[in-house]
Amino acid sequence: MNKLKEKEPLKQSIINLIILLLIAIFACIPLLSSKINIMYDDGTQHVARLIGTYNSIKEGQSFAVIMSNLCNNFGYSWNLFYSPFTAFFPLIFKFIGFSFVNSIKLYMLFITFVSGMTMYVLVNEVVKSKKIALIAAVIYMLAPYRLTDMYARNALAELTTFMFLPRVFQGLYGILKQKPKREYLFIYGTVFLLLTHTVIAMYTAIFAFIFLLTQIKKLKNKQVLKTLILSLVFVILITSFFYIPLLEHRLSADYEVFKAGRMERTDVLVELKVSFLELFMTPKDNIRIYEIGLLSVVALVLSPIVIKQLRQKYRKTDFYRFYIFSLVAGLVSVIMSLKIFPFEYLPSILKMLQFSFRMLEFSSFFFTIVAAINIGVLIKNLKYKDIMIIIIVQILLTCMFIPHLQFEENIKIKEERLIEGVTVTSKTGRVHAGCASFEYLPTKAFENRKYIEERPNEVLVLHGNATIKNQEKQNTNLTCTVTNVIEETNIELPYIYYLGYEACLEQNGETTKLKTYETDNGFVGVTIPILEEANLKVHYEGTMLMKITAVISILAVIILEVIVILDKRKPE
């Protein structure tokens, strides 16, 4: 009997795992259709970025940050400025042999399943019920806004953050309860969130901070405070390889992404606010679904009844506090997405959210927790047959969204076209395939895009006198011979200015490193000293700070993993 009892939880966990996998497959079935266009909205940019990163790796770039095929082969960088997780992880499927588009589709299946798993583990820890956790996972995976991210917006990075939100809050919840090993969940959840979507990470930090304030008494515990501080130190160290070079670029030159008003566009923020009706009903021709979800709505309406029951039994418990926080945070998130909320009057840093409807990700997260708990409380002696009925209802409700999916017979931009690189011309509008809205260009280059269109793909003499011969350019590598330099001469290399290009002169067996600078056109420039003849070699090396922070991040991960291993060996 004892052995059977020990095996029962394992059997239940395996069944739940299979159910979650089937739900993930169901959610991704439309991706099998050739008419589903993931080259829509953000999708084009993510595919192009994936292609650029893949090329960067194959070219042998140490840091894989310059997409050499973009901006008329002058190079464009996403990975220096945009959180890198979604530029690299989907490439696992590409290296296996899938196309770029199919790699992203498989990646979407993966993150759908893992999102369900992380929510399942979170709710199971809070509620101590695998059945309620299963309901939460299904609701979360089929949340209307999550499907909007996947099918209407193709917002790959934002979609990925659904995996990490449960990990962050499970880690925090466990740290406050002084549960062993929960700091590791918090560290890695926060790290991956930061390396996936900076803006979502920023708003998660705000909610996490408020959650900590609701548990202020526990922060007086020195051990809890020490664990939180050490965890944040590890988060900073592990992510330093991305954020410190980002700051280095911020201080080195003017880039569009850092200009005031560039990323926090108030006009768009106001225009795309959600109406109250859209939370419950989606207009027929609208491909974006901002609904809370009928199942969640019904469960939420019953919250007063549930609160009354929970208060009697769990009022002073961490579970009850977390439930109330989730309910309030979910309601605040929804209100912040609506037309009535004065988002435009908030500080600029908060307007970096860009679209108020992004707050629906947080309402989806928090309301999922509340809805699952409400169902578990209201259905006495919850059985698997009850769960199956709930799952079937959720599936049927999800099927109602199918007519809103973006079906398109003729996809305007094919994967092959993006591999080749879409040329920047005078007809290029505000948004360009592969370069988004050119926000990662140096401001000088952005303001002179006609120069990008007309400039020959070769070394140019800007000031002085020199002859350039035998030019050979291959991606981020260039060689040429410089002769007859009778005075100091400024030349411009056929690369848009990003820190990390290294230029060297080889003459009489000696190598001289040249200092690079930004030209008036936003390209990489170097000054050639007086000489008769020398070979110029250029390649992308990355900055010293990039190398140092990469080492710091790697060492931090190694140290953390050693701590984890040693911790596991300790007796319970």
Side-chain angles (χ1 to χ4, degrees), residues 8-9 12-13 16 19-20 116 118-144 165-166 169-170 172-179 182 207-208 210-218 279-280 291-335 362-394 397:
E8 183 61 28
Q12 186 178 340
S13 296
N16 291 350
I19 290 171
L20 293 182
T118 55
M119 176 58 79
Y120 175 86
V121 175
L122 165 64
V123 174
N124 185 47
E125 177 157 317
V126 173
V127 185
K128 308 298 182 190
S129 169
K130 288 183 170 64
K131 293 175 182 177
I132 294 176
L134 179 59
I135 293 170
V138 172
I139 294 174
Y140 192 54
M141 292 162 78
L142 299 180
L165 282 178
F169 281 93
Q170 184 188 355
L172 274 182
Y173 185 81
I175 289 172
L176 293 172
K177 293 198 73 172
Q178 297 187 63
K179 287 192 172 184
R182 293 306 183 268
F207 280 112
I210 295 170
F211 174 62
L212 290 175
L213 290 180
T214 66
Q215 306 283 331
I216 193 71
K217 289 183 179 179
K218 296 203 171 186
L279 296 177
F280 308 97
E291 295 179 32
I292 297 173
L294 184 59
L295 195 61
S296 293
V297 170
V298 172
L300 288 166
V301 168
L302 299 172
S303 288
I305 300 172
V306 174
I307 291 172
K308 186 176 180 180
Q309 293 187 31
L310 293 179
R311 187 184 296 160
Q312 293 173 355
K313 193 173 181 181
Y314 303 102
R315 185 173 184 178
K316 294 184 179 181
T317 64
D318 296 311
F319 156 65
Y320 181 73
R321 293 190 192 98
F322 188 71
Y323 171 84
I324 294 298
F325 168 76
S326 297
L327 178 60
V328 174
L331 290 171
V332 169
S333 301
V334 164
I335 292 169
F362 295 101
S363 65
S364 298
F365 171 70
F366 291 118
F367 281 167
T368 289
I369 297 168
V370 174
I373 292 173
N374 287 359
I375 292 170
V377 170
L378 294 172
I379 300 178
K380 306 299 181 183
N381 194 22
L382 187 66
K383 293 183 172 59
Y384 263 100
K385 66 176 183 179
D386 302 314
I387 296 174
M388 288 303 109
I389 292 171
I390 291 168
I391 290 175
I392 290 169
V393 170
Q394 183 68 49
L397 290 172

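Along the sequence shown, residues carry numbers from 1.
- In terms of heavy-atom proximity, Ser333 sits nearest to Ser363 at CB-N, 3.6 Å.
- A side-chain donor-acceptor contact under 3.5 Å links Lys131 to the backbone of Leu382.
- To the nearest 0.5 Å, atom NZ of residue Lys130 and atom CG of residue Leu134 are 11.5 Å apart.
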Worked check of side-chain contact (heavy atoms from CB on, under 4.5 Å) between Ile379 and Ile390: CA-CA 11 Å; Ile379 300 178; Ile390 291 168; 4.1 Å; yes

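- Of the possible polar contacts, none joining the Arg315 side chain to the Leu310 backbone as a donor-acceptor pair under 3.5 Å is found.
- A salt bridge links Lys218 with Asp318: the closest approach of a Lys/Arg side-chain nitrogen to an acidic carboxylate oxygen falls below 4.0 angstrom.
- Rounded to the nearest 0.5 angstrom, Glu125 CD and Phe322 CZ are separated by 9.5 Å.
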Full working for side-chain contact (heavy atoms from CB on, under 4.5 Å) between Tyr140 and Leu122: CA-CA 12 Å; Tyr140 192 54; Leu122 165 64; over 6 Å; no

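- Remark: side-chain polar atoms of Asn374 are paired, donor with acceptor, to backbone N or O of Ala299 under 3.5 angstrom.
- With rounding to the nearest 0.5 Å, the separation of OG in Ser13 from OH in Tyr120 is 4.5 Å.
- When all heavy atoms of Leu20 and Met141 are compared, the closest pair comes out as O-CE, 3.1 Å.
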Verdict with reasoning, Gln170 to Thr118, per side-chain contact (heavy atoms from CB on, under 4.5 Å): CA-CA 9 Å; Gln170 184 188 355; Thr118 55; over 6 Å; no

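- Listed here is the closest heavy atom pair of Leu327 and Phe367: O-CE2, 4.0 Å.
- Ring geometry for Tyr323 versus Tyr320: interplanar angle under 30°, hence parallel rather than tilted (30 to 60°).
- In Phe280, the CZ atom is crowded: over 12 heavy atoms of neighbouring residues, nucleotides or ligands sit closer than 6.0 Å.
- The two residues Val123 and Ala133 have their closest heavy-atom pair at CG1-CA, 3.7 Å.
- To the nearest 0.5 Å, atoms CD1 (Ile305) and CD1 (Ile307) are separated by 10.5 Å.
- In this structure, OG on Ser296 lies 5.0 Å from CD1 on Ile139, to the nearest 0.5 angstrom.
- Counting heavy atoms of neighbouring residues, nucleotides and ligands inside a 6.0 Å radius, atom NZ of Lys128 exceeds 12 of them.
- Residues meeting the ring-ring contact (aromatic ring centres under 6.0 Å, His included) test with Phe366, sequence neighbours left out: Phe169, Phe207, Phe325.
- Between the CD1 atom in Ile135 and the CG atom in Asn16 there is a gap of 10.5 Å [rounded to 0.5 Å].
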Evaluation steps, side-chain contact (heavy atoms from CB on, under 4.5 Å), between Leu378 and Leu302: CA-CA 9 Å; Leu378 294 172; Leu302 299 172; 3.4 Å; yes

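- Summarising the geometry of Ala208 relative to Leu172, their closest heavy-atom pair is CB-CD1, 3.5 Å, with the distance given to 0.1 Å.
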